[in-house]
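Here is the structure we will look at, set down as C-alpha cells.
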Amino acid sequence: MGGSSNDDEDQEHENVGAGGQRIESRSGSKSKKLKLIPLIFLIYFEVSGGPFGEETAVKAAGPLLAIAGFLIFPFVWSIPEALVTAELATAYPGNGGYVVWAGTAFGPFWGFLMGWWKWIGGVINNAAYPVLCFDYLKLLLPACGHGPVRDVGILLYTFLLSYLNFTGLSIVGWTAAILGTLSLLPFVLMALISIPRIKPSRWVVADQGHMDWSLYFNTLFWNLNFWDNASTLAGEVEEPQRTFPRALLCAGVLTVLGYVLPLLAATGALELDRELWSDGYLADAAGLIAGAWLKYWVEIGAVLSTVGLFEAQLSSASFQLLGMAEMGILPSVMATRSPSYNTPTWGIAASACGTLVLSYVSFANIVSAANFLYSCGMLLEFASFLWLRRKFPSLKRPYRVPLGIPGLVCMCAVPVVFLIFVMTLANSVVYILGSSVTVVGVLGYFLMIACKRRNWIAFRIEGEGERGGIQSSPAQDRTEAEALLRA
C-alpha cells in the first residue's frame, strides 16, 4: 500500500473509527468532564485501592520476594499495560476502550468477545467488594458476619453505591479521591511510626519453609492489573489526550508506594511469622506498631476502600456497555443516558444486577475464572495494540510509545508470557467455566447479528458501517458467520 493511500485510510480511521470522536462529543455538555485528580483515583481504585490483600505474598514467599515482587512486577506487567492504555486511549478518545481497539483491529466479532470477557470478569470482581466490606465490618460489628443483617447489608450496599454512580462520574471521581486519601493515610502514619523499630535485616529473609508460587504470582497479578479499565471512560475525560497519560503515571506511583511502604513498615518492624500473613493482617500489624487506634483506622480504611473499588469498577463496566451500544454492537437501549446526570442508565442497572446476584454465591472458582477471562482479554488487547500500530502507522496518536514494531513486540512479550503462565495455574473447573462463558459470548454475538438483521431490536445507526461495529448487511453477516464456523 502506498504512503498516500495509507495516510488517507489512517485519517479516515481517525475521523470515524469505532465511535472515537463522535462518541466523545455526545458525552459532552450535560455533565462535568473528569479532570486529572478524579481520574487518578479512579484508575488507582481500578488497579489497587490500597495494600489490602497483599499480605498473602509474604505468606507465600517471605518478605524479600514480596517486597521485590511489588517493586519489580510493575515494570514487567503494569508499565507495559499502562503504556498500551495510554497510547490507545488517546488515539481513540471515546467510550468503549479496549472494545473499540479490538473491534478496529480484528473486526466486530473480536470486539464483542473482548467486551463480553471484560464485562463478565469485571462484574465478578465487583461482586467481591460488598462481601469484602462485610468481612471487614464483622471485625468491628460481629452481627455483620452472617444471617439477615449481612444479606440485607449487601443489598443496601449495592443499591446505594449504584445510585451514587448514577448521579455522575465527576461525583464518583471526587468521592474516590476522598476515599483513597482516607484509606491510605493510616498506612502513611504506620510507616512513620515504625521507623524507630525497623530492622532492615528482616526485609531480606527469603527461604523459610514452603514456597507457594501459585499464591505468590496470583497475589501480584490480582493486585497490579486492570490498568486498562479506565479506558472505557475516555469519552468522559477532559482533554483525554493530555490527561490520560498523566493520570496513569500518577496512579502508578501512588499504587506502588501504597503497596511497598506498608510492606516495608510491617515486615521491618515486626518479627516474622509467615502463617499470620493472611488477609487482614496489616490491621493487626498496625495495632502492634502504633496501638489499637491505628488498627481500627486501617479496618475502617479497608471498608472505605471497598466502596472506592466498587464505584470505579461499576463506572468502567457501565460505560463499556454504553460504548458498545454507541458502536452498534449492543442494542441502542444500552446507550441511554440519564437526562439529569448524563450517566448510562441501563449500563449501570445491568452491571449492578449482575454484581448483586454474584454477591450471594461462592467465589472460590468463580474469581479464578474471572482472572482467566481477564487474561484472555489482555492477550487480545496486546495483539490489537501491535496490529493497530502496524495497520495504521500514520494514525494520530497524541501519546505514542516511543518504540518501533520490534521494540513493541519485546515490550509485550514478557507480560504475554506471564499471562499464559498464570492461565496454566488454573484448574479444570476454571477452564470449564472460562470456556462456557466464551461459548455464550460467541452465541451472543451471532444473536446480536440476527436481531439487527431482522429488526427485532433497535441498534444505533452510527455504529453501522464503522470499524468495530456490527455490520447490518445480511450478505456480510452470512459470510462472516460462515467463515468463523469454518475456522
Side-chain angles (χ1 to χ4, degrees), residues 34 37-54 122-141 143-145 149-188 222-223 226 229-230 233 251 254-255 258-259 262 279-280 282-283 286 295-319 341 343 347-349 351-356 358-360 363 367:
L34 272 179
I37 291 177
L39 183 60
I40 289 171
F41 279 93
L42 280 176
I43 295 173
Y44 168 73
F45 275 111
E46 294 279 11
V47 176
S48 168
F52 314 102
E54 72 173 349
V123 167
I124 292 173
N125 284 329
N126 218 23
Y129 302 137
V131 176
L132 285 174
C133 176
F134 280 84
D135 284 345
Y136 287 121
L137 279 176
K138 73 181 181 183
L139 300 175
L140 301 171
L141 302 169
C144 294
V149 173
R150 181 185 180 89
D151 293 340
V152 174
I154 288 174
L155 177 65
L156 290 175
Y157 177 103
T158 304
F159 176 79
L160 293 175
L161 294 187
S162 298
Y163 180 75
L164 175 62
N165 210 282
F166 182 72
T167 61
L169 192 56
S170 182
I171 293 174
V172 170
W174 283 109
T175 300
I178 295 170
L179 294 172
T181 302
L182 292 176
S183 62
L184 281 174
L185 190 55
F187 293 107
V188 174
W222 175 264
N223 283 283
F226 298 106
N229 271 16
L233 311 171
L254 186 63
T255 296
Y259 283 128
D279 289 338
L282 282 177
K295 175 184 177 181
Y296 294 137
W297 191 350
V298 169
E299 290 173 345
I300 293 170
V303 173
L304 297 178
S305 178
T306 68
V307 174
L309 289 162
F310 184 95
E311 288 297 300
Q313 182 65 64
L314 184 59
S315 295
S316 62
S318 58
F319 276 96
Y341 304 111
T343 45
I348 292 174
S351 301
C353 287
T355 294
L356 184 61
L358 291 173
S359 295
Y360 293 101
F363 277 94
V367 170

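Checking side-chain atoms of S351 against main-chain N and O of I348 turns up no donor-acceptor pair under 3.5 Å. Checking side-chain atoms of S318 against main-chain N and O of S315 turns up a donor-acceptor pair under 3.5 Å. Distance alone, capped at 3.5 Å, places no donor-acceptor pair between the Y129 side chain and the Q313 backbone.
In this structure, CG in N126 is found 8.0 Å from OG in S359, a value given to the nearest 0.5 Å. Here N165 contributes atom CG and F310 contributes atom CZ; the two are 8.0 Å apart, rounded to the nearest 0.5 Å. With rounding to the nearest 0.5 Å, the separation of OH in Y136 from CG in L132 is 6.0 Å. Rounded to the nearest 0.5 Å, atoms CG (L254) and CZ (F45) are 9.0 Å apart. Here L164 contributes atom CG and T343 contributes atom OG1; the two are 10.5 Å apart, rounded to the nearest 0.5 Å. Rounding to the nearest 0.5 angstrom, the gap separating the CH2 atom in W174 from the CZ atom in F41 is 9.0 Å.
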- Message: Using side chain to side chain donor-acceptor pair (under 3.5 Å), reason through E46 and N229 one step at a time and then give a plain yes or no.
- Response: CA-CA 7 Å; E46 294 279 11; N229 271 16; 3.1 Å; yes

- Task: Could you give me the CA-CA distance, side-chain angles and deciding distance for V307 and C133, then say whether side chain to side chain contact (heavy atoms under 4.5 Å, CB included) is met?
- Result: CA-CA 8 Å; V307 174; C133 176; 5.6 Å; no

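Residue A283 comes nearest to E299 through the heavy atom pair CB-CG, 3.7 Å, listed as atom of the first residue, atom of the second, then distance. Annotation for Y259 and S48: closest pair OH-OG, 3.2 Å, computed over non-hydrogen atoms.
Taking the six-membered ring for Trp, F52 and F187 have ring centres closer than 6.0 Å.
More than 12 heavy atoms of other residues, nucleotides or ligands sit less than 6.0 Å from atom CG of L182.
For the 3.5 Å distance criterion, the side chains of T306 and Y157 qualify, holding a donor opposite an acceptor.
Using a 4.5 Å cut-off on side-chain heavy atoms (C-beta onward), W222 and N125 make contact. Between W297 and L185, the closest side-chain pair of non-hydrogen atoms falls below 4.5 Å.
A side-chain contact (heavy atoms from CB on, under 4.5 Å) with E311 is found for exactly one of L161, T175, L179, L42, namely L161.
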